[in-house]
Colleague: 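Before I ask anything, let me first share the structure, which is written out below as structure tokens.
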There are 2 protein chains.
Amino acid sequence: MTARAGRGSLSKSALHRGVGVALWRQIGDEIRRGIGAGLADENGRLPPEAELAARFGVNRHTVRAAIAALIHEGVLRSEQGRGTYVRRQKRLTYPIGTRTRFSAGLEGQARDRQVELLDHMKEPANAVVAAALGLGAGVDVIRLEMLGLADGVPISRSTSWFSATLFPDIAGYVARTHSITEALALSGTRDYRRASTTIEARHADDTDTRDLRLSPGAIVLVARGVNVDGNGKPIQYSQTRFSADRVELTVSPA
Amino acid sequence: MTARAGRGSLSKSALHRGVGVALWRQIGDEIRRGIGAGLADENGRLPPEAELAARFGVNRHTVRAAIAALIHEGVLRSEQGRGTYVRRQKRLTYPIGTRTRFSAGLEGQARDRQVELLDHMKEPANAVVAAALGLGAGVDVIRLEMLGLADGVPISRSTSWFSATLFPDIAGYVARTHSITEALALSGTRDYRRASTTIEARHADDTDTRDLRLSPGAIVLVARGVNVDGNGKPIQYSQTRFSADRVELTVSPA
DNA sequence: ACCAATTTGTCCGTATGTATT
DNA sequence: AAATACATACGGACAAATTGG
């Protein structure tokens, strides 16, 4: 999309009827994608409903249903007599690298960034967590449920596990400092780095729609990874869900 | 998903009515996601329709519609009196790193891997391509449209741009060798590495659904990046779309 | 102040698709 | 397989707000 010649042409995209996805939703997805690819003009104004209807080959009401959904999502805003406008133009770029830290990574992209601890608990590690942290299955771990915000908008929703014996007080530190980096430092781990990350994409489930304020059918990017300390010993396993509409990930070398 | 306690529990996920996605399709998406997360047993057998219906809180007819669609897509296969089975179990893991090469990256995960050149052309670089390759806007570049397959299944669909003056014969080389690495070597560039990659996720557009054989509403992972030669000079800008159902990306350090 | 053109908002009715029983 | 309820899609008509002459 980014590297296409056209100026707002939105390639007469064929809609598919009878495939279990309503036309208005397909059109909504097209409009969402079209934003930032020249569909809206320089003021963020969309073409009028009648023109969009003609372009998609549907009734104006169907376009209106799509726009209504996007307004409900907070993507668009419309004013009677004036037109329909895009609310947020740009997507945040979140770095995935050896030294990823939430706040530092978004520096310069959002005025206000913060991490909120939603919940925490001690529990026995399941097979995946145990393997990732190099612990025996069933060993106690501490799980943190966190929400990352940028300028008040939910950006990421993560679940992290730490060894309960090595980081018994991690939850309190995170609650106090609002920072994993500082909480680890208070626990005695001054430095850490990302050992591996896998990235997948899927539809938002209801946890995602609630915590990240998404609409059903929205997409989340899921990054799973392990942080290790200076000696290469695993200290944190985490799984982070990003709103695909609001962020893109960038793999930085270094 | 991966790191959740349950064995096949599939978290009573609430379905949403009136959101533009038919229930049978939502259930289909859930089943697709549930595969590989313990929904199917060790033989790849799904729970019986009646049980799925109870689990999702819908009528059995609706589950049957979902299964029928997944059978049509080639994800499931069902046998009267025996049950419904998963065709492909695992998702491929595609490495994104400094030394990403399609075929080598999937080694061991698929018996047969190949890259097919769908189309190629010479064109003036647009702003994005020119910036990525460090060329002046409007300079001629060669664009390659490629399809990556693993065991005959389309995995990735990429568009790449090369400087037309530095790599005038790249299309022919790729067509002959079915490999970017070898085509670059024939052009005199023995070594290259990935300088940067950004990853986003979005709904499949009709190009994607056609080339990657996806159903509308499916998700694609989009990786955009630049390859540079030994001296750090950009030689290739590419944009690759992966089927999010079939592939996950992994960021390898090194 | 007025008018015409443009654009979104609301209402009617009808046909088809989806989901349940 | 059939009856029912609701969501989706279409078509047309008009009201309400904005813009510019």
Colleague: Roughly, in whole Å, what's the span from CD1 in I67(A) to P in dT8(D)?
Modeller: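 Rounding to the nearest Å, CD1 of I67(A) and P of dT8(D) are 17 Å apart.
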Colleague: Please determine whether a side-chain nitrogen or oxygen atom of R17(A) lies at a distance below 4.0 Å from atom OP1 or OP2 of dC10(D).
Modeller: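 Looking at the OP1 and OP2 atoms of dC10(D), one of them is under 4.0 Å from a side-chain N or O of R17(A).
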Colleague: OP1 or OP2 of dT7(C) less than 4.0 angstrom from a side-chain nitrogen or oxygen of S78(A), does that happen here?
Modeller: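 For S78(A), the contact criterion (side-chain N or O under 4.0 Å from OP1 or OP2 of dT7(C)) is not met.
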Colleague: Between the base of dG9(C) and the side chain of H61(A), is there any donor-acceptor pair under 3.5 Å?
Modeller: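 Check fails, no donor-acceptor contact within cut-off.
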Colleague: From the options dC10(D), dT18(C), dT20(C), select the nucleotide whose nearest atom is closest to the side chain of T62(B).
Modeller: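 Nearest to the side chain of T62(B) among the choices is dT20(C).
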Colleague: By nearest atom, which of the nucleotides dA17(D), dA13(D), dA9(D) is closest to the A22(A) side chain?
Modeller: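 Nearest listed nucleotide: dA9(D).
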Colleague: For V19(B) and G81(A), take the nucleotide of DNA chain D holding the closest heavy atom to each; which residue's nucleotide lies nearer the 5' end?
Modeller: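 That would be V19(B).
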Colleague: With both distances under 3.5 angstrom, what nucleotide forms a Watson-Crick or G-U wobble pair with dA1(D)?
Modeller: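 Result: none.
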Colleague: Once rounded to the nearest 0.5 Å, what's the spacing between atom OG1 of T84(A) and atom CG of L52(A)?
Modeller: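 T84(A) atom OG1 to L52(A) atom CG measures 8.0 Å (nearest 0.5 Å).
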Colleague: How would you label the contact of R45(A) with the nucleic acid (heavy atoms, under 4.0 Å): base, sugar-phosphate, or nothing?
Modeller: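 Since only primed, P, OP1 and OP2 atoms lie under 4.0 Å of R45(A), the category is sugar-phosphate.
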Colleague: Can you measure L23(A) atom CG to dT16(C) atom P for me and round it to whole angstrom units?
Modeller: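 Whole-Å distance recorded here is 16 Å.
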Colleague: To the nearest 0.5 Å, what is the distance between CD1 (I96(A)) and OG1 (T250(A))?
Modeller: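 If we round to the nearest 0.5 Å, I96(A):CD1 and T250(A):OG1 are 9.0 Å apart.
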Colleague: Can you check whether any acceptor in the base of dG12(D) is under 3.5 Å from a donor in the side chain of R60(A), or vice versa?
Modeller: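 No pair found.
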Colleague: Write down the distance between CZ (R82(A)) and C1' (dG20(D)), rounded to a whole number of angstrom.
Modeller: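 Answer to the nearest Å: 14 Å.
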Colleague: Taking only the side-chain heavy atoms of E49(A) (C-beta and beyond), determine which of dT7(C), dC10(D), dG9(C) contains the nearest atom.
Modeller: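 For E49(A), the side-chain atoms sit closest to dG9(C).
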Colleague: Under 4.0 Å between a Lys/Arg side-chain N and an Asp/Glu carboxylate O for D205(B) and R241(B)?
Modeller: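 No salt bridge links D205(B) with R241(B).
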Colleague: From the options dG9(C), dT20(C), dT18(D), select the nucleotide whose nearest atom is closest to the side chain of R64(A).
Modeller: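 Of all the options, the side chain of R64(A) is nearest to dG9(C).
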Colleague: Under 4.0 Å: is that the gap between some side-chain N or O of N59(A) and OP1 or OP2 of dG11(D)?
Modeller: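 It does, given that an N or O in the side chain of N59(A) lies less than 4.0 Å from OP1 or OP2 of dG11(D).
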Colleague: Separation of H16(A) atom NE2 from dT8(D) atom P, in whole Å?
Modeller: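 That distance rounds to 19 Å.
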Colleague: Which whole-number value in Å describes the distance from L76(A) CG to dG9(C) P?
Modeller: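 My rounded result for the distance is 11 Å.
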Colleague: Any side-chain N or O of T84(A) under 4.0 Å from OP1/OP2 of dT8(C)?
Modeller: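 Affirmative; the distance criterion is met.
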Colleague: Apply salt bridge (Lys or Arg N to Asp or Glu O under 4.0 Å) to the pair E145(B) and R157(B), showing each step before the final yes or no.
Modeller: CA-CA 8 Å; E145(B) 300 287 351; R157(B) 174 73 179 72; 2.9 Å; yes
